[in-house]
K.L.:
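The following block contains the structure, expressed as structure tokens.
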Amino acid sequence: MKILLPDSVIFNLDCTLCCGQTFRWEKRAVWWYGIVRDRVLRIRQTGNQLEFEGASEPFITTYFGLNDDLPRVYREIGKDEHIRTAIEAFRGLRILRQDPWECLVSFICASYKNIAAIRRMLHELSMKYGGQIRFEGYAFHAFPTIDTLAGATVEDLRKCDLGYRADYVSRTAKKIRETDYDFESLKKKGYSQAKEELLQFSGVGKKVADCVLLFSLGKLEAFPVDVWIKRAAMGHYSSRFSEEFIRRLQDEKGLSDTDYEKLNYFGRQYFGSFAVYAQEYLYACERSQG
DNA sequence: CAAGTGCCTTTATC
DNA sequence: AGATAAAGGCACT
């Protein structure tokens, strides 16, 4: 199936799939392969054209966030030279609307890991616990279901390189199964209510909750703060903070609760209602060069 | 080459 | 409330 994107729909498939919001897409030659529920989705972009198999057009539109008005987003967040440079470099990067369960597990696993390691963990998990799907002679694996991971032992989960995260995943899966938790209902709830509910799960703090709210539930109010955003703040927005605060950021290894709140508040105030798009471009920019 | 550092953090404990 | 240590393991320097 093919879609011709109008000029107003700025989109860059590579940027969108490589920027650390999703971890299981694979590029082989010109095609990207992803698993959506129990089907393999194949997609490629040539200029303004998207060509794909394995999903419907409405699904593609929703999943890749093609309804977000990027020209308007760029107008609103383009407050300074640095963010405008980042926008130019990653033009067409969009926020995905992924499956909430996979997204939740992905970001529980993501804590204190780099992207390569996260990809390995999720690949191991899927190989071991996800159903196999054959497509064009390749073997793909669906993401493990809630029941499967709830039934797995913590020791076996650890063998997928999850480390101490194995316990978080196990407890979260069990809790979801026991309470028959409905992810779909979260989409209808407000940001604060949805965040509060996500924070009840083991291994989910404010950063992980924000990532799930953002990358799977379409809550663009979220503004995840991590070490890369911290670096962007230190390197490009230091004049917006006191010297003392910047020194504290430089001295501490991680990010304290209060610093998270402060950077989160700054981002949302400064960049406005589409702040999270600024966050994603700053993140991508910071990771690519520093 | 060994040892240190860092990784899209959370939790337990003070 | 707010700071701090501990929690895999691997890649990189």
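The sequence lines fix the lettering, A, B, ..., with proteins before strands; numbering per chain opens at 1.
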K.L.:
Measuring only the P atom in each nucleotide, how far is B:dT13 from C:dG8? A whole number of Å is fine.
P.N.:
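My reading of the P atoms in B:dT13 and C:dG8 gives 15 Å.
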K.L.:
Looking at A:Arg165, I'd like to know whether one of its side-chain N or O atoms comes within less than 4.0 Å of OP1 or OP2 on C:dG8.
P.N.:
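The answer is no; no side-chain N or O of A:Arg165 sits under 4.0 Å from OP1 or OP2.
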K.L.:
Tell me the interatomic distance from A:Glu261, atom CD, to B:dT9, atom P, rounded to whole angstroms.
P.N.:
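Atom CD in A:Glu261 sits about 16 Å away from atom P in B:dT9.
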K.L.:
State whether the distance check finds a donor on one side and an acceptor on the other, under 3.5 Å, for side chain A:Lys253 versus base B:dG6.
P.N.:
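In this structure, the two groups form no donor-acceptor pair.
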K.L.:
Take atom CG of A:Leu104 and atom P of B:dT10, then tell me their distance rounded to the nearest Å.
P.N.:
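Value for this atom pair: 12 Å.
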K.L.:
Which is more 5' along DNA chain B, the nucleotide nearest A:Arg171 or the one nearest A:Asn114? Just name the residue.
P.N.:
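Its nearest nucleotide lies further toward 5', so the answer is A:Asn114.
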K.L.:
Please state how far atom OH in A:Tyr164 lies from atom P in B:dT9, giving the value in whole angstrom units.
P.N.:
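Those two atoms, OH and P, are 8 Å apart.
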K.L.:
Compute the centroid of each ring, for A:Phe201 and then for A:Tyr168, and state whether the two points are separated by less than 6.0 Å.
P.N.:
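Ring centroids of A:Phe201 and A:Tyr168 are no less than 6.0 Å from each other.
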K.L.:
Take the protein atom CD1 of A:Ile118 and the nucleotide atom C1' of C:dG8, then report the distance between them rounded to whole Å.
P.N.:
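Atom CD1 in A:Ile118 sits about 14 Å away from atom C1' in C:dG8.
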K.L.:
Between C:dA1 and B:dT9, how many Å separate the two P atoms, rounded to a whole number?
P.N.:
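Their P atoms lie roughly 25 Å apart.
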K.L.:
Sticking with atom P, work out how far C:dA5 lies from B:dT5, rounded to a whole angstrom.
P.N.:
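Those two atoms are separated by 14 Å.
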K.L.:
Does a nitrogen or oxygen in the side chain of A:Thr258 sit under 4.0 Å from OP1 or OP2 of C:dA3?
P.N.:
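For A:Thr258, the contact criterion (side-chain N or O under 4.0 Å from OP1 or OP2 of C:dA3) is met.
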K.L.:
Considering only side-chain heavy atoms of A:Tyr168, which listed nucleotide, C:dG8, B:dT11, B:dC8, is closest?
P.N.:
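Selected nucleotide (nearest to the side chain): B:dT11.
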K.L.:
Quickly work out the A:Leu249 CG to C:dA3 P distance and round it to whole Å.
P.N.:
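Atom CG in A:Leu249 sits about 12 Å away from atom P in C:dA3.
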K.L.:
Check the distance between C:dC10's C1' and A:Leu162's CG and give it to me in whole angstrom.
P.N.:
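My rounded result for the distance is 14 Å.
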K.L.:
Return the nearest nucleotide to the side chain of A:Glu280; candidates are B:dT9, C:dC10, B:dC8.
P.N.:
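From the listed options, B:dC8 comes nearest.
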K.L.:
Are A:Tyr74 and A:Tyr281 close enough that a side-chain donor and a side-chain acceptor fall under 3.5 Å?
P.N.:
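Per modelled atom types, A:Tyr74 and A:Tyr281 side chains form a pair under 3.5 Å.
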K.L.:
Can you tell whether the side chains of A:Arg28 and A:Glu26 come within less than 4.0 Å, N to carboxylate O?
P.N.:
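Yes, charged N to carboxylate O under 4.0 Å.
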K.L.:
When the ring centroid of A:Tyr270 is compared with that of A:Tyr237, is the distance short of 6.0 Å?
P.N.:
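Yes; A:Tyr237 has its ring centre under 6.0 Å from that of A:Tyr270.
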K.L.:
Does C:dG8 pair with anything, Watson-Crick or G-U wobble, both distances under 3.5 Å, and if so, with which nucleotide?
P.N.:
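Across all strands, not a single nucleotide pairs with C:dG8.
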K.L.:
Taking any heavy-atom pair under 4.0 Å as a contact, classify A:Phe201: base, sugar-phosphate, or nothing.
P.N.:
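Result for A:Phe201 = sugar-phosphate.
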K.L.:
Would you classify A:Gly20 as touching base, sugar-phosphate or nothing, given that sugar-phosphate means primed atoms plus P, OP1 and OP2, and contacts are heavy atoms under 4.0 Å?
P.N.:
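The answer is base, as A:Gly20 lies within the cut-off (heavy atoms under 4.0 Å) of a base atom.
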K.L.:
Just checking A:Gly254: base, sugar-phosphate only, or nothing, at a heavy-atom cut-off of under 4.0 Å?
P.N.:
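A:Gly254: base contact, heavy atoms under 4.0 Å.
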K.L.:
If you check every side-chain atom of A:Tyr283, which of B:dT9, B:dC8, C:dA3 has the closest atom?
P.N.:
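In terms of side-chain proximity for A:Tyr283, the closest of B:dT9, B:dC8, C:dA3 is B:dC8.
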K.L.:
So what does A:Val204 touch, heavy atoms closer than 4.0 Å: a base, only the sugar-phosphate, or nothing?
P.N.:
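Sugar-phosphate contact only.
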K.L.:
Hydrogens and angles aside, do A:Tyr191 and A:Asp210 bring a side-chain donor and acceptor to less than 3.5 Å of each other?
P.N.:
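Their side chains do contain a donor-acceptor pair, which is all the 3.5 Å distance test asks for.
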K.L.:
A:Phe245 CZ to C:dG2 P: how many Å, rounded?
P.N.:
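To the nearest whole Å, that distance equals 13 Å.
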K.L.:
Look at all strands and tell whether A:Cys109 reaches a base, only sugar-phosphate, or nothing, counting heavy atoms closer than 4.0 Å.
P.N.:
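The answer is nothing, as A:Cys109 stays clear of every strand by at least 4.0 Å.
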K.L.:
For C:dG8, is chi within 90° of 0 (syn) or not (anti)?
P.N.:
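Here C:dG8 takes the syn form, which means its glycosidic angle is within 90° of 0.
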K.L.:
Would you kindly check if the NZ (Lys) or CZ (Arg) of A:Lys262 is within the cone defined by 45 degrees around the ring axis of A:Phe245 and under 6.0 Å from the six-membered ring centre?
P.N.:
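Yes, a cation-pi geometry.
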K.L.:
Which value, in whole Å, describes the distance between the P atoms of nucleotides B:dC8 and C:dT13?
P.N.:
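Approximately 14 Å lies between the P atom of B:dC8 and that of C:dT13.
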K.L.:
Give the nucleotide from the list B:dT9, B:dC8, C:dG8 with an atom nearest to the side chain of A:Ser111.
P.N.:
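Among the listed nucleotides, the one closest to the side chain of A:Ser111 is B:dT9.
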K.L.:
Can A:Asp167 and A:Ser170 be counted as having a side-chain donor-acceptor contact under 3.5 angstrom?
P.N.:
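No donor-acceptor contact under 3.5 Å links the two side chains.
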K.L.:
Take atom NZ of A:Lys207 and atom C1' of B:dT11, then tell me their distance rounded to the nearest Å.
P.N.:
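Taking NZ of A:Lys207 and C1' of B:dT11, I get 16 Å after rounding.
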